[in-house]
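Inspection log for the structure reproduced underneath, given as C-alpha cells.
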Number of protein chains: 2
Amino acid sequence: MSTNKKLTIEDIAEKAGVSIKTVSRVFNNAPNVRQQKRDLVLGVARDLGYRPNISARQLASKRSFVISHFHDNPNTDYLSEIYEGMRRACSEQGYYAVAEKLVPQKGSYRQALLDYLLRFEVDGVILSPPVSDDTAVIKEIEERNIPYALISPGKKKKSAINVFIDEKNAGRSITDYLIARGHQHLAFISGLDSHAASRQREAGFWEAIDVAKIPKKNAVRLAGDFSMQSGFTAFDILMKKAPNVTGIFAANDKMAVGIIVAALGNGKKVPQDLSVVGFDDSPFARAMWPTITSLAQPVDEMAHLSTQKLIEWVHAKTLDQSRFEFSTEIIIRESCP
Amino acid sequence: MSTNKKLTIEDIAEKAGVSIKTVSRVFNNAPNVRQQKRDLVLGVARDLGYRPNISARQLASKRSFVISHFHDNPNTDYLSEIYEGMRRACSEQGYYAVAEKLVPQKGSYRQALLDYLLRFEVDGVILSPPVSDDTAVIKEIEERNIPYALISPGKKKKSAINVFIDEKNAGRSITDYLIARGHQHLAFISGLDSHAASRQREAGFWEAIDVAKIPKKNAVRLAGDFSMQSGFTAFDILMKKAPNVTGIFAANDKMAVGIIVAALGNGKKVPQDLSVVGFDDSPFARAMWPTITSLAQPVDEMAHLSTQKLIEWVHAKTLDQSRFEFSTEIIIRESCP
DNA sequence: CGCTAAGATGACAACGTTGTCAAACGGTGT
DNA sequence: ACACCGTTTGACAACGTTGTCATCTTAGCG
C-alpha cells in the first residue's frame, strides 16, 4: 500500500496526455469524447486509483451529490432496508445517502421539509409512506424541480419515479395460499385505513374469498392499526365474533406476532388450531416462535433501483421510464406451513 | 418567502463592512476577532439567513464535514436511535451524518473500513459493538488520526471519546428490583458471551444475589444469544433445571419476548407465575403483551453527545475529556410490575 | 509620549473540479 | 484543393470557502 498523496484530475490528464477537461468529460459520461480517449483516460485512472473529489465537484457544478430519504415510519426494519438499498446505489456512484425523519406540523410534513431544504442541498429525494402521501410536500419538491422517487403503493405520479409492488395482488396471493392449505373460515386483520397498502391488501383478501367461492359470512375483517398490541386485541374479538376461523391474514407481521402471542396465551396451538400469515417478512417473522409465514417484498431492491434511477435522472436531466413494479414472494414458515 | 438568490460570504462581509476573512473566522469560532465584530457579523448573517456553503468549506479546508457511524448490529431499533442522535448533533453544526454497515472479512472489519475510507473522507467516526471491539479497525483509525468515539461497554481508550453506561451496575439494579418484588428464585438469560455487555450485566446479577444473601443454588444462569429464539428455548431448560424460579432477568428484550411467549404457550401467567425483566427498553418492550419491564439506556442521548464531542474535537484538534458515563432507568411495565 | 509586542484584520492565492467558449480537427460536397 | 460544418479538444475563468502571510491596531510599559 503506497503512501499515495492525493491524486487530482491533473495527474490523470498529464499521465494520459490530455487536458483536464477531457478527463472531466470522461468521468461525467459527457458526449463528444472519442471512444479511444475515453478508454485511455479510464485506464489511467484505474491504474492510479483516481476518484474525483466530491467537494470540488459539488462546488463547481452546484450539485450536492446527496440523495435524501424523507420518512416518518416507526418501522426501523423497513427503514434500514431502504437505507441499505440507497447506500449501495449511492456508493456505486460516489453519492451520499442521507435519511431524515420528518416531524409533521399541523398534519403536514411541508414545514419540516422546507427546514431541511434550507439547510442542505439535495440532488434527489426518496419518499415513502406516509410522507409520500403528503401533497404539499410533493408540490414543494416539484416546484424546485428536484428529481424524486416514491416508494409507495399510493397514487402514481407521471413526473416521478414510482416504485411499488402490486399490493392487491399480493394480498390476493397470500390469501389464496391460506385457502389452498384448506382453510375455509378466514379473517383479515387490517392496518390503518389511512394507508393505501392496507386497503389494497384487504381488497386482495376479498377477491380471493370471492374467487374461491367461500361464503362471505365465513370471512371476517378485524380492524387493527399495524401495532403488535392491535393484533393481540384482535384475538379476543375474533373468539367472540368468529370462533371457528382457522386461517388469519394479518396486514403486517407485527400484528401477526400479536395474534400468535394471544393465541398461545389462550391455549391455542399455532398452526394446528390457528394458522397465521403476515406481510413484510420482517425480522421477527424469522425470529418468533413459531416462525411466521409472510409475504416478502424486496424493499432493499426497490430502494436500490429508486436511487439508481434517481441518479440517472439527475445526470440525464430528464426522466424516461417512470413506473417500476416489483414482484413479491411468499415465504413459507411454521405459522402456516 | 423571498426568492433569495444564493448568499455568499461576500454578501455578509459587505453588509457588515468587514472582510470575508473575518466572516470566515466568525463562522469557524476562530480566535482573534473582537467580540463586537463577532456579534455584528452573526447579526447580519442571521438577518439575511446566511449559511456557509458546505462544499466550498470542504474543498478549502480539506475537511469533509461527515461523521460516520460504522456498525454491524442487526438491531435496527438500536441503530436508528444512534442515527437519530447523530443526525441531531450533525444538523446543529452543518455536518452530515452517515451510517455504514461493515461486512466482516475473515472475522475483521478492517478491510471493509479501508474500502470505505478509500472512497470517502470522514472527519470523525463513531463505533459501536461489535465493530468497536475490533482492534485492527481502531489501529487503522488511530494511524490516520481520525477522531473517533466508542459507544461501547468494552475497554476504554485514552485516545478516544468513550460513551457508556455502567452495565454491571445496571444489571445489579434491575436484579435488585426483581428481588425487591419478592422473588427469591431467579434466573439470568445471558446474551453472547463475546459481548462485554452481556458479561457485565451478568456480573451485576450475581452481585445482587450475593448482596441479598440469596443462596447461590436458588439462582441459575441460562445461555442465550440475544435472539428471541434463544429466549424461547431457555424456557424449556428452565422448567427442567429450576422449575421454581419466579423472577427472570433476560440480558435483552428480545430474549424476554421469547421467554414470555414460551411461558404463555405453556399455560404460565406473566407476571403472576413468572415475572420477567428485559434490557434496552426496545420498542417491543412497549408493544408486547404483557408489556415488558426493562432497563432503558439513553442511546439517542449517547449518540448525540458522542457526535457533539467528536465535532468539538475536530475543531479544537485536541481531545480533552474522554469518558462520559450515562445513567440508566428502570421502566416498570406489566411483565414485572 | 514613543516603542513594542500581541492581537485584529485583510488581500490574495489556494482547493479540485465544471462551465463557457474558442480553436483545432476531420469528413463531405464541390 | 477548398469551403463548410459538426465533432472533439483545450485554455481559462468560475465556484465559495479557508490558509498564509503581511499589515494595521491597540494596550502596556518604560
Side-chain angles (χ1 to χ4, degrees), chain A residues 4-41 45 48-66 93-96 119-121 123 314-315 317, chain B residues 4-42 44-45 48-66 93-96 119-121 123 314-315 317:
Chain A
N4 46 354
K5 60 169 197 172
K6 210 161 286 178
L7 285 170
T8 76
I9 201 170
E10 290 197 60
D11 299 318
I12 309 304
E14 192 181 348
K15 197 98 174 184
V18 300
S19 74
I20 59 169
K21 185 67 225 198
T22 299
V23 178
S24 169
R25 288 201 178 89
V26 170
F27 273 89
N28 288 282
N29 277 310
N32 301 341
V33 178
R34 232 181 287 276
Q35 189 59 43
Q36 166 203 356
K37 291 215 167 174
R38 200 179 285 276
D39 296 340
L40 173 63
V41 168
L48 272 57
Y50 166 75
R51 300 195 136 259
N53 177 297
I54 294 191
S55 313
R57 268 154 84 105
Q58 292 176 329
L59 184 58
S61 68
K62 302 180 176 179
R63 285 193 277 139
S64 68
F65 293 88
V66 167
Q93 310 278 339
Y95 273 63
Y96 286 110
R119 305 166 62 94
F120 295 104
E121 300 282 307
D123 277 354
V314 171
H315 286 115
K317 290 182 180 161
Chain B
N4 46 354
K5 60 169 198 173
K6 211 161 284 181
L7 284 170
T8 77
I9 201 171
E10 291 197 59
D11 299 317
I12 309 304
E14 191 181 345
K15 197 96 173 183
V18 300
S19 75
I20 59 169
K21 185 66 225 196
T22 299
V23 177
S24 168
R25 289 203 179 87
V26 169
F27 273 89
N28 288 282
N29 275 311
N32 301 340
V33 178
R34 233 180 287 276
Q35 189 59 41
Q36 166 203 358
K37 289 217 168 176
R38 200 180 284 277
D39 295 339
L40 173 63
V41 168
L42 285 175
V44 171
L48 273 58
Y50 166 76
R51 299 197 136 256
N53 178 297
I54 294 190
S55 313
R57 269 154 85 105
Q58 292 176 330
L59 183 58
S61 67
K62 302 180 175 178
R63 285 193 276 140
S64 68
F65 294 88
V66 168
Q93 311 278 338
Y95 273 63
Y96 286 110
R119 306 166 60 93
F120 294 103
E121 300 281 306
D123 277 353
V314 171
H315 286 113
K317 288 179 181 163

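A, B, ... follow the sequence lines: proteins, then strands. Residue 1 opens every chain.
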**Request:** Counting heavy atoms from C-beta on, name the nucleotide in dT18(C), dG16(D), dT17(C) closest to the side chain of T8(A).
**Result:** dT17(C)
**Message:** In this structure, how many angstroms lie between the P atom of dT18(D) and the CD atom of E10(B), rounded?
**Reply:** 13 Å
**Message:** It should be established whether N32(B) places a side-chain nitrogen or oxygen under 4.0 Å from OP1 or OP2 of nucleotide dA6(C).
**Reply:** no
**Asked** So which heavy atom on A30(A) is nearest to which on R38(A), and how close?
**Response** O-NH2, 2.8 Å
**Request:** May I have the distance from R63(A) (atom CZ) to dC15(D) (atom C1'), rounded to whole angstrom?
**Result:** 14 Å
**Prompt:** What is the ring orientation for Y95(A) with H315(A), classed by angle as parallel under 30°, tilted 30 to 60°, or perpendicular over 60°?
**Reply:** perpendicular
**Fill in**
All heavy atoms of I9(A) vs all of I20(A), minimum pair found to be CD1-O, 3.5 Å
**Request:** Could you tell me which non-hydrogen atom of D11(A) sits nearest to which non-hydrogen atom of L7(A), and how far apart they are?
**Result:** OD2-CA, 3.4 Å
**Request:** Establish whether the base of dG19(C) is bridged to the side chain of R25(A) by a donor-acceptor pair shorter than 3.5 Å.
**Result:** no
**Request:** Look at the side chain of V18(B) and decide which nucleotide, out of dT18(D), dG10(C), dT18(C), has an atom nearest to it.
**Result:** dG10(C)
**Minimum heavy-atom distance A56(B)-L59(A), with the two atoms named** = CB-CD1, 3.8 Å
**Request:** Would you mind reading off the distance between K62(A) atom NZ and dG16(D) atom C1', rounded to a whole angstrom?
**Result:** 10 Å
**Request:** May I ask you to say what Y50(A) touches in the nucleic acid, namely base, sugar-phosphate or nothing, with a heavy-atom cut-off under 4.0 Å?
**Result:** sugar-phosphate
**Message:** Rounded at 0.5 Å granularity, tell me how far CD in Q58(A) sits from CG in D123(A).
**Reply:** 8.0 Å
**Request:** Check whether any side-chain N or O of R34(A) sits under 4.0 Å from OP1 or OP2 of dT7(D), and answer yes or no.
**Result:** no
**Message:** In this structure, how many angstroms lie between the P atom of dC15(C) and the CZ atom of F65(B), rounded?
**Reply:** 18 Å
**Request:** Return the nearest nucleotide to the side chain of L59(B); candidates are dG16(C), dC12(D), dT9(D).
**Result:** dG16(C)
**Request:** Tell me what N53(B) touches on the nucleic acid: a base, only sugar-phosphate, or nothing, going by heavy atoms under 4.0 Å.
**Result:** sugar-phosphate
**Prompt:** Phosphate oxygens OP1/OP2 of dT17(D): is one of them under 4.0 Å from a side-chain N or O of S24(B)?
**Reply:** no
**Message:** For dT9(C) and K37(B) - does any side-chain N or O of the residue sit under 4.0 Å from the phosphate oxygens OP1/OP2?
**Reply:** yes
**Request:** Using only side-chain N and O atoms of T22(A), determine if any of them is under 4.0 Å from OP1 or OP2 of dG10(D).
**Result:** yes
**Request:** In whole angstrom, give the distance that lies between atom CD1 of I20(B) and atom C1' of dC15(C).
**Result:** 14 Å
**D123(B) CG to dT18(D) P, straight-line distance once rounded to whole Å** = 13 Å
**Request:** Using heavy atoms to find the nearest nucleotide of DNA chain C for A60(B) and K21(B) separately, return the residue whose nucleotide is more 5′.
**Result:** K21(B)
**Prompt:** Considering only dC15(C), dG10(D), dG10(C), which nucleotide approaches the side chain of S19(A) most closely?
**Reply:** dG10(D)
**Request:** Return the value, rounded to whole Å, for the distance between atom CD of Q36(A) and atom P of dT8(D).
**Result:** 12 Å
**Message:** I need the CD-C1' distance between E14(A) and dG16(C), as an integer number of Å.
**Reply:** 15 Å
